[in-house]
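Note sheet for the following structure.
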Amino acid sequence: MQWETVIGLEIHAQLATQSKIFSASPTTFGAEPNTQASLVDLGMPGVLPVLNEEAVRMACKFGLAIDAEIGARNVFARKNYFYPDLPKGYQISQMELPIVGKGFLDITLEDGTLKRVGITRAHLEEDAGKSLHEDFHGMSGIDLNRAGTPLLEIVSEPDIRSPKEAVAYAKAIHALVRYLGICDGNMAEGSLRCDCNVSVRPKGQAEFGTRAEIKNVNSFRFIEKAINHEVQRQIELIEDGGKVVQETRLYDPNKDQTRSMRSKEEANDYRYFPDPDLLPVVIEPSFLAAVRATLPELPTQKRERFQAAFGLSVYDASVLSASRELADYFEQVQQVSGDAKLAANWVMGELSSLLNKDGLEIEQSPVSAEQLGGMILRIKDNTISGKIAKMVFEALAAGEGATADEVIEKKGLKQVTDSGAIEKMLDEVLAANAEQVEQYRASDEAKRGKMFGFFVGQAMKASKGKANPGQVNELLKKKLEG
Amino acid sequence: MHSLTLAEIGRALAAKQFSAEELTRHLLDRIARLDPQLNAFISVTEELALGQAQAADARRAAGENGALLGAPIGHKDLFCTQGVLTSCGSKILGNFAAPYDATVVTKLASAGSVTLGKLNMDEFAMGSANESSHYGPVKNPWDASRVPGGSSGGSAAAVAARLLPAATGTDTGGSIRQPAAFTNLTGIKPTYGRVSRWGMIAYASSLDQGGPLARTAEDCALMLGAMAGFDAKDSTSVDQPLDDYLAALGQPLAGLRIGLPVEYFSAGLDARIADAVLACVEELKKLGATVKDISLPNMQHAIPAYYVIAPAEASSNLSRFDGVRFGYRCENPADLTDLYKRSRAEGFGAEVKRRIMVGTYALSAGYYDAYYLKAQKIRRLIKNDFVKAFEEVDLILGPTTPSAAWKLGENSNDPVAEYLQDIYTITANLAGIPGLSMPAGFVDGLPVGVQLLAPYFQEGRLLNVAHQYQQVSDWHKATPAGF
């Protein structure tokens with residue numbers, strides 16, 4: 001049977017506020033345990049929450065960026081359950097009236113097509129603390145530094161149809177929150193965490209299958225692997241005559257498995273009710289207008305501009321607009337070089353593989369946009385060939401020169417474009433390979449094509465790659481025919 | 001000294017008739033001598049009190065002259081006081097020295113008041129008799145075999161017995177007004193949001209309000225003036241200027257329109273209390289007030305609505321008492337679930353457990369709409385009743401309680417009977433309006449209270465009417481025998 005996968009993601013983004021959502025404690029990651037936990041974060045008797053306006057502003061930014069309706073009156077509710085790292089015995093969250101309503105995000109798939117993924121809602125809530133199970137000799141330690149860190153929980157519609165689409169969507173959300181400056185996107189530190197709702201159904205069936213929720217999948221790679229694994233598990237289960245049960249599962253990246261955490265029956269009754277310690281949040285139109293005025297150009301707008309202004313493909317434009325830093329880098333290379341296509345090719349090609357190889361972010365690139373743009377200028381004015389350019393690029397990356405011009409000069413890589421010099425060099429090459437010249441001239445058109453490459457290779461070798469390849473081709477053809 | 005009111009103490013201190021330290025020592029001595037009969041105090045903070053008294057004397061010597069400078073008070077034991085046991089009347093907080101001061105405590109302390117101790121109360125403010133305290137019941141100074149009312153029973157007993165001139169209390173369903181009525185005091189529950197709840201350990205967050213209990217309306221005005229005001233640390237605190245309550249006291253009552261809700265004078269009310277209330281109305285008429293009957297038709301739904309909303313909020317508010325970070329923890333827990341279950345089972349008393357269970361049930365999936373949401377709708381109806389009534393009258397007047405103080409143990413086995421005692425007070429909490437109880441006579445030697453209700457933020461009007469009444473009546477001056 002043909003199966004269709006249905007996926008919805010719940011992404012928790014830690015908002016990059018200075019202080020916590022309901023207290024004045026700082027939100028810095030990695031401090032000594034419990035040094036960033038105030039009376040409020042500890043849930044001391046008698047303390048009260050006061051909402052951080054910056055968290056509201058950031059949530060509104062996100063809502064505007066996904067074209068969602070902003071809850072003009074949104075309400076915090078208590079989600080009640082007992083856990084040692086949840087100091088009050090309830091989490092302050094939003095239930096019935098979230099701050100961000102229905103919106104959408106367009107994502108670019110690998111084949112370059114666009115897909116619209118619906119976003120059901122996004123709501124503000126506080127993060128819990130952390131339970132530490134090592135180093136306490138059979139007991140658990142509690143670190144409440146994270147307790148009260150603002151989270152935006154972004155819930156997608158079940159519009160996603162493959163693990164790859166899920167990754168593309170997660171990456172798009174990641175890019176968006178970073179563009180907006182509302183989340184640092186650091187997945188290793190838990191700034192962006194993902195729960196995946198996964199079900200399968202026979203292709204063509206309208207109703208959804210029973211879903212399982214995979215909790216806390218914390219890298220793009222794991223999203224793909226965890227969903228892949230879960231889809232296989234569900235299909236095998238059904239094909240063996242079994243039934244998927246609604247449950248929460250945990251992904252174990254070490255074993256590449258998901259395992260059951262709790263069933264629907266074991267699920268908590270969270271007894272949500274409006275938090276009487278907090279008033280409903282009223283978003284005034286003027287507040288929203290002020291937030292709108294601070295919105296930067298967003299990934300979708302940037303992609304569309306790259307397509308329109310530079311004639312890039314959807315795919316290239318999407319890759320280059322995936323992060324603000326990469327887009328800025330590309331635009332600077334484009335500006336210096338005046339050639340968007342070459343700029344795009346170099347950024348997505350040589351530069352990307354260099355960064356990948358060394359595990360660097362674009363901000364850490366050893367070759368600056370200025371340097372790369374300057375180098376492309378030299379390709380364009382025929383000072384160097386594309387092939388030599390790779391050498392120049394590597395030299396720049398290795399810090400062997402401040403500019404492409406300096407590298408070219410120092411290493412004597414300037415392209416030879418003097419026809420006389422090239423002709424002289426070609427004559428020497430042909431003389432040294434007289435036998436092959438004979439054969440060439442005796443051959444038919446089809447064979448000649450193959451043999452021509454040999455002479456070009458010899459000529460470039462003789463010129464140490466510096467001869468202008470166009471001129472070499474042209475003159476060589478003339479000489480061999482003649 | 002101990003029979004002086006707060007206002008009189010202020011004047012005497014200003015006139016250097018005695019020092020704050022002398023007064024404090026005198027009252028500490030009285031507390032040591034007399035409180036064993038009453039059990040009004042959970043903690044006596046002698047060291048703190050003497051330090052504050054000496055500081056107040058120094059400030060007076062330096063020329064300061066605040067009305068509360070050197071004034072001895074006590075706090076209901078749910079106001080957090082730094083470094084001092086803040087038990088909430090519960091075993092579960094029996095080892096909890098608060099790490100910070102409640103806003104009310106800070107404000108009164110900076111006005112120069114002297115804290116003599118922390119006062120007994122129903123466990124987590126749940127009760128109308130002060131019998132649910134882990135620290136034992138409080139006795140009514142007017143009759144030691146009777147309850148002082150609750151939940152601010154310790155505050156009421158201490159002030160009535162002249163161990164303190166004034167004390168703080170909190171009122172969630174009548175917990176200031178009802179004990180004030182039972183012990184012949186004046187007590188005011190301000191408008192919801194008028195007094196900061198920061199550091200006031202929550203019972204039902206949307207209903208709780210702090211306020212004073214004292215012997216006169218004037219003293220309540222002094223106390224409330226220091227306690228009230230906007231607090232950025234409490235999101236439900238209202239940012240509105242504070243009225244000058246002392247200045248309001250002197251307003252004449254001519255033209256004051258008083259409404260008598262017919263529902264307050266129906267079956268269930270002790271006829272002798274009704275007579276006392278109507279006698280008070282006659283006095284107010286003589287002062288120029290006009291009187292008319294009004295109706296608050298949704299009052300009958302108030303108790304069921306309250307006993308859904310308050311326990312629902314309490315069930316969540318009390319989740320933090322889990323034995324993990326502070327408070328009571330059971331011995332040798334086998335695992336996490338055992339730690340939770342036994343710490344809470346051993347730490348909470350019966351009434352608290354009952355309300356946690358009721359509230360948990362009311363919020364459960366499938367029951368939320370039928371209970372919690374419906375109760376909120378009733379709450380809105382009750383509020384609308386008041387808004388409508390206040391279009392016709394300036395003040396609503398009635399009995400504070402349907403009966404006078406009952407015997408200790410009388411309602412211990414019948415929680416619903418005790419819940420019904422809150423019938424007249426609970427509506428003000430549901431609506432959020434201010435209410436005051438003042439002495440208006442005696443039935444069989446037991447005090448009777450009259451309740452005044454006013455529109456939002458009209459605390460000044462309540463204190464004004466009570467003060468004017470106290471200029472022409474002596475009930476509030478009566479002292480229980482032996483104190």
Side-chain angles (χ1 to χ4, degrees), chain A residues 21-24 34 37-53 75-92 95-96 129 131 133 138-144 147 264-265 267-281, chain B residues 78-80 86 88 92-93 96 98-103 124 193 196-202 204-208 231-237 309 312-313 315-327 336-337 339-341 344 359-368 372-373 376:
Chain A
I21 184 165
F22 298 119
S23 84
N34 298 309
S38 68
L39 295 170
V40 173
D41 309 321
L42 293 170
M44 278 287 163
V47 299
L48 296 168
V50 175
L51 179 59
N52 182 341
E53 188 179 316
V75 171
F76 282 96
R78 292 186 185 175
K79 178 181 182 179
N80 294 284
Y81 65 97
F82 285 98
Y83 204 70
D85 60 24
L86 188 72
K88 298 186 293 298
Y90 58 85
Q91 178 193 29
I92 306 177
M95 183 59 181
E96 275 187 17
S131 297
H133 299 296
M139 295 192 287
S140 291
I142 306 292
D143 177 7
L144 294 176
K264 191 187 173 192
E265 286 71 32
N268 282 311
D269 177 355
Y270 291 120
R271 307 189 311 279
Y272 280 98
F273 75 107
D275 191 334
D277 287 334
L278 291 160
L279 302 175
V281 182
Chain B
L78 51 58
F79 285 102
C80 286
T86 301
C88 244
I92 211 159
L93 284 177
F96 180 68
Y100 70 109
D101 278 335
T103 295
F124 283 98
S196 169
R197 293 187 299 114
W198 172 262
M200 194 177 103
I201 300 177
S205 314
S206 74
L207 302 161
D208 296 343
D231 181 5
K233 293 207 282 282
D234 174 1
S235 307
T236 61
S237 165
I309 294 168
E313 292 180 6
S315 71
S316 175
N317 283 335
L318 271 56
S319 293
R320 70 189 61 196
F321 306 106
D322 58 5
V324 174
R325 294 164 314 285
F326 44 73
L336 180 62
T337 309
L339 170 82
Y340 283 150
K341 282 189 173 168
R344 289 168 66 82
T360 303
Y361 182 80
L363 291 175
S364 303
Y367 297 101
Y368 179 83
Y372 188 80
L373 267 192
Q376 291 293 4

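All chains are named by letter (A, B, ...) in the order of the sequence lines, taking the proteins before the strands, and each is independently numbered beginning at 1.
Applying the 6.0 Å contact sphere to OH of A:Y272 captures more than 12 heavy atoms from other residues, nucleotides or ligands.
Side-chain contact between B:Y368 and A:R271 is absent, with no heavy atoms from C-beta onward closer than 4.5 Å. Within the 4.5 Å cutoff, side-chain heavy atoms of A:L51 are placed close to those of A:F22. Contact annotation: the side chain of A:F82 approaches that of B:R344 to within less than 4.5 Å [non-hydrogen atoms, C-beta and beyond]. Side-chain contact between A:M44 and A:P87 is absent, with no heavy-atom pair separated by less than 4.5 Å. Two residues are said to be in side-chain contact when any heavy atoms from C-beta on lie closer than 4.5 Å; B:I201 and B:R320 fail this criterion. Between B:K233 and A:L48, every side-chain heavy-atom pair lies at or beyond the 4.5 Å cut-off. Proximity of B:T103 to B:D234: side-chain heavy atoms (C-beta onward) are nowhere separated by under 4.5 Å.
Residue contact with chain A, scored on non-hydrogen atoms closer than 4.5 Å, involves the side chain of B:F321 exclusively. When heavy atoms are compared at a cutoff of 4.5 Å, B:A365 approaches chain A by way of both its backbone and its side chain. Heavy atoms closer than 4.5 Å to chain A are found nowhere in B:L373, neither backbone nor side chain. The contact between B:T360 and chain A is made by backbone and side chain atoms together, counting heavy-atom distances below 4.5 Å. If you measure heavy-atom distances from B:F79 to chain A, you find no contacts under 4.5 Å at all. For a residue to count as touching a neighbouring chain, one of its non-hydrogen atoms must lie under 4.5 Å from one of that chain's; by this rule A:Y81 does not touch chain B. Interface remark: B:A362 contributes no atoms to any contact with chain A (heavy atom separation under 4.5 Å). At a 4.5 Å heavy-atom cutoff, B:A204 makes no contact with chain A through either its backbone or its side chain.
Counting heavy-atom pairs under 4.5 Å between each of A:L279, A:L42, A:D277 and chain B puts A:D277 at the top. Contacts with chain A were tallied for B:S316, B:P99, B:G199; B:S316 has the most, counting heavy-atom pairs under 4.5 Å. Interface check for chain A: of the options B:Y100, B:Y372, B:Y367, the most heavy-atom pairs under 4.5 Å are formed by B:Y100. Of all the listed residues (B:T236, B:L207, B:D322), the one sharing the greatest number of non-hydrogen pairs under 4.5 Å with chain A is B:T236. Contact count against chain B (heavy-atom pairs under 4.5 Å) is highest for A:P84 among A:P49, A:G89, A:P274, A:P84.
What you find for A:L144 and A:G129 is that their closest heavy atoms are CD2-CA, 4.0 Å.
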